[in-house]
Amino acid sequence: QMQLQESGGGMVQAGGSLRLSCEVSGWSISNYVMAWFRQAPGKERDFVAAVGWPRSSSYDYADSVKGRFIISRDNAKNTVFLQMNSLKPEDTAIYFCAADDVDLRYYTGNSFASRDYDYWGQGTQVTVSS
């Protein structure tokens, strides 16, 4: 059973930066699409960023974070990162790491839909003050 554990959240002022980590145990992330989602109070869980496999590595970002956030993966460490720069108060949310066990035969790109992801972490709180 794959287990995901996020860390790195906290409180930061607008314009600041945070780096989230997602350590995975129980299975190698090498053949998984890895993603970050976030959920603000009273709102749905929204896609933030995703990264595909190394051989056909593809990166996707929500429009709201393009140019500010960077997702990366270190397969050797079984860890996924989300570097968040130029943070805004509207980035305040619980951030979740997720893994999509995609069949390589049918892989056409990273999914933006939370329902397609098979494994989830517990989340880490990010609070950005103005």
Side-chain angles (χ1 to χ4, degrees):
Q1 180 78 9
M2 176 181 275
Q3 294 184 325
L4 292 74
Q5 181 63 59
E6 303 93 339
S7 62
M11 297 184 64
V12 65
Q13 289 188 329
S17 298
L18 283 174
R19 189 190 194 209
L20 305 184
S21 298
C22 173
E23 295 185 27
V24 181
S25 60
W27 207 259
S28 170
I29 65 171
S30 299
N31 294 325
Y32 286 76
V33 171
M34 301 301 298
W36 290 92
F37 287 77
R38 66 186 181 186
Q39 188 167 18
K43 295 189 176 181
E44 295 184 349
R45 190 169 297 188
D46 291 331
F47 171 80
V48 175
V51 56
W53 289 290
R55 285 182 297 170
S56 58
S57 190
S58 64
Y59 300 83
D60 292 290
Y61 296 92
D63 289 341
S64 59
V65 306
K66 279 181 182 177
R68 300 188 297 123
F69 290 12
I70 300 172
I71 188 172
S72 61
R73 64 192 296 160
D74 186 334
N75 287 347
K77 295 182 179 180
N78 231 33
T79 303
V80 182
F81 303 97
L82 184 68
Q83 178 66 44
M84 306 187 296
N85 302 318
S86 302
L87 283 161
K88 305 175 181 180
E90 50 264 43
D91 294 319
T92 295
I94 300 174
Y95 283 71
F96 297 90
C97 178
D100 182 3
D101 185 11
V102 179
D103 189 327
L104 182 60
R105 294 172 296 175
Y106 307 115
Y107 176 67
T108 58
N110 302 327
S111 173
F112 290 31
S114 59
R115 65 179 179 273
D116 291 332
Y117 286 79
D118 305 286
Y119 301 98
W120 292 84
Q122 295 298 309
T124 185
Q125 176 70 48
V126 172
T127 303
V128 185
S129 60
S130 58

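Numbering of residues begins at 1 and proceeds along the displayed sequence.
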For atom CD of Q122, decide whether the heavy atoms of other residues, nucleotides or ligands shown that lie under 6.0 angstrom number more than 12. no
Applying a strict under-4.5 Å side-chain criterion to I, L, V, M, F, W and Y, I'd like to know whether F37 and V102 cluster together. yes
Please walk me through it: do Y95 and E6 pass side chain to side chain contact (heavy atoms under 4.5 Å, CB included)? CA-CA 8 Å; Y95 283 71; E6 303 93 339; over 6 Å; no
May I ask you to decide if G121's main-chain N or O and Q5's side chain share a donor-acceptor pair within less than 3.5 Å? no
Side-chain (R73) to main-chain (V33) donor-acceptor, under 3.5 angstrom: no
Student check: side-chain heavy atoms of V51 and N110 closer than 4.5 Å: no
Among Y117, F47, W36, the one residue meeting ring-ring contact (aromatic ring centres under 6.0 Å, His included) with F112: F47
Would you name the heavy atoms of L4 and C97 that are closest together and state the gap between them? CD2-SG, 3.5 Å
Heavy-atom closest pair (Y107 atom, G52 atom, distance to 0.1 Å) is OH-CA, 3.8 Å
So do the side chains of N78 and M2 get within less than 4.5 Å of each other, counting heavy atoms only? no
One should read off an interatomic distance between R115 CZ and D100 CG, to the nearest 0.5 angstrom, of 11.5 Å
Where do L87 and L18 come nearest, in terms of heavy atoms and distance? CD1-N, 3.8 Å
Y61 versus I70: any side-chain heavy-atom pair under 4.5 Å? yes
Which pairs count as salt bridge (Lys or Arg N to Asp or Glu O under 4.0 Å) when at least one residue sits in residues 30-50, sequence neighbours excluded? R38-D91
Just by modelled atom types, is the D101 backbone N or O under 3.5 Å from a matching donor or acceptor in the D118 side chain? yes
Output the distance between atom CE (M34) and atom OG1 (T79), rounded to the nearest 0.5 Å. 9.0 Å
Report yes or no: do Y59 and I29 belong to one cluster of Ile/Leu/Val/Met/Phe/Trp/Tyr joined by side chain heavy-atom distances under 4.5 Å? yes
Can a donor-acceptor pair be found, under 3.5 Å and without considering hydrogens, that links the side chain of Q13 to the backbone of S129? no
Relative to each other, are the rings of Y119 and Y32 parallel, tilted or perpendicular (30° and 60° limits)? perpendicular
Return the minimal non-hydrogen interatomic distance between A40 and T92, and the atom names on each side. CB-O, 3.8 Å
Transitively linked via ILVMFWY side-chain contacts under 4.5 Å: F96 with V80? no
Indicate the atoms forming the closest heavy-atom contact of Q83 with S17, along with that distance. NE2-CB, 4.0 Å
Pairs of donor and acceptor atoms involving the side chains of residues 19-28, under 3.5 Å and at least two apart or interchain, shall be tabulated with distances.
from	atom 1	to	atom 2	distance (Å)
S28	OG	S30	N	3.1
S28	OG	S30	OG	2.8

Check whether M84 and F81 end up in the same hydrophobic cluster, where Ile, Leu, Val, Met, Phe, Trp and Tyr are linked by side-chain heavy atoms less than 4.5 Å apart. no
